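Below: one structure, written as structure tokens.
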Amino acid sequence: FVMVLSYSRRIFLRFSLNARLDSFLRGHVEAFIAFGGVARVILYDNLKSAVLERVGDAVRFNPALLAFAAHHCCEPRPVVIARGNEKGRVENGVGYVKKNFLAGLELPDFAALAPAAQAWVDTVADVRDHASTHQRPIDRFQDERDKLQRLNPNGYDLGRISSVRATSTCRV
């Protein structure tokens, strides 16, 4: 899970053993906590966890994401298909992680990944001169921090979200 703040380009990175919706939303909560707040608008790259269907300009969001967004008072917004200038901010963070953190990385087990990722964010990603802004994300974040909304003090129950698989011969 990668979340990048638009102004500062500060990055949040979380690894999971699955791509289920509960893990996706847990990534959001952990990013909000790490950033100390919630952005008013969150852009999504049309992944199924966020966007179930698009017909022209009409978008049908995943109802679980809409409930989560309402709880945190943020607006989910899908990027426009084939609009590279919007999609870049969403996709470039993932590419940056792959090329600069994961490439050649050797760790003893999955448990070692989270501390290694946080150390990389703290010592590399947040303190580099960003290619677009020519400033360090951690420095730009000082201006952006006050623009973030406060995190809802009432936690969101991620335990009620579950995925179920059923075969054509099974009834649920």
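Bear in mind that the values here come from a model prediction, so they are computed numbers and not experimental data.
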Min side-chain heavy-atom separation Phe101-Leu13 under 4.5 Å = yes
Taking every heavy atom of Asn152 against every heavy atom of His72, the minimum-distance pair comes out as CB-ND1, 4.1 Å
Would a hydrophobic clustering, with Ile, Leu, Val, Met, Phe, Trp and Tyr connected at side-chain separations under 4.5 Å, put Val4 with Val124?
-> yes
Taking Gln149 for the side chain and Gly37 for the main chain, is one N or O donor matched with an acceptor at less than 3.5 Å?
-> no
Could you check if a side-chain atom of Leu66 sits within less than 4.5 angstrom of a side-chain atom of Pro76, using non-hydrogen atoms only?
-> yes
Does Ser23 reach the main-chain N or O of Ala19 with its side chain, forming a donor-acceptor pair under 3.5 Å?
-> no
May I have the step-by-step check of side-chain contact (heavy atoms from CB on, under 4.5 Å) for Arg9 and Thr133, ending in yes or no?
-> CA-CA 9 Å; Arg9 306 306 205 278; Thr133 66; 3.8 Å; yes
Can a donor-acceptor pair be found between the side chains of Arg128 and Tyr96 at a distance below 3.5 Å?
-> yes
Do Ile138 and Ser8 have side chains that get closer than 4.5 Å, going by heavy atoms?
-> no
Sub-3.5 Å donor-acceptor pair from the side chain of Arg140 to the main-chain atoms of Tyr7, do we have one?
-> yes
In Å and rounded to the nearest 0.5 Å, what is the CD to CG distance from Gln118 to Leu113?
-> 11.5 Å
Derivation and outcome, side-chain contact (heavy atoms from CB on, under 4.5 Å), residues Val51 and Leu47 = CA-CA 6 Å; Val51 177; Leu47 66 163; over 6 Å; no
To the nearest 0.5 Å, how far apart are CZ in Phe61 and CG in Leu52?
-> 9.5 Å
Below 4.5 Å, heavy atoms only, C-beta onward: do Arg10 and Val121 meet side chain to side chain?
-> no
Strictly under 6.0 Å, is that where the ring centroids of Tyr156 and His28 end up?
-> no
Report yes if the side chains of Leu65 and Leu25 come closer than 4.5 Å at any heavy-atom pair, otherwise no.
-> yes
Would you say Asp57 has more than 12 foreign heavy atoms packed within less than 6.0 Å of its CG?
-> no
Does the pair Met3 and Phe35 meet the rule for a side-chain contact (heavy atoms from CB on, under 4.5 Å), with working shown?
-> CA-CA 10 Å; Met3 183 178 280; Phe35 294 144; 4.0 Å; yes
Applying the 4.5 Å side-chain criterion to the ILVMFWY set and letting contacts propagate, would Phe110 and Trp120 be lumped into a single cluster?
-> yes
Does a salt bridge link Arg136 with Asp126, judged by any charged N lying under 4.0 Å from a carboxylate O?
-> no
Under 4.5 Å between side-chain heavy atoms, hopping through other hydrophobics if needed: is there a path connecting Val94 to Leu102?
-> yes
Identify the heavy atoms of Ala34 and Phe12 that sit nearest to each other, and give their distance.
-> CB-CD1, 3.7 Å
What's the spacing between Ser49 OG and Phe68 CZ if we round to 0.5 Å?
-> 12.0 Å
Roughly how far, to the nearest 0.5 Å, is the CG atom of Asn62 from the CZ atom of Phe24?
-> 9.0 Å
To the nearest 0.5 Å, how far apart are CG in Asn100 and CD1 in Ile11?
-> 9.5 Å
In short, Gly93 meets Val2 closest at the heavy-atom pair C-CG1, 3.9 Å
Might you work through the side-chain contact (heavy atoms from CB on, under 4.5 Å) test for Cys74 and Arg40, ending with a clear yes or no?
-> CA-CA 5 Å; Cys74 60; Arg40 295 180 195 290; 5.9 Å; no
To the nearest 0.5 Å, tell me how far Phe32 CZ sits from Leu151 CG.
-> 7.5 Å
Hey, does the Lys NZ or Arg CZ of Arg14 hover above the aromatic six-ring of Phe1, less than 6.0 Å from the centre and inside 45° of the axis?
-> no
Just wondering, more than 12 heavy atoms not from Arg150 lying within 6.0 Å of its CZ?
-> no
Using a 4.5 Å cut-off on heavy atoms from C-beta on, say whether the side chain of Asp129 contacts that of His134.
-> no
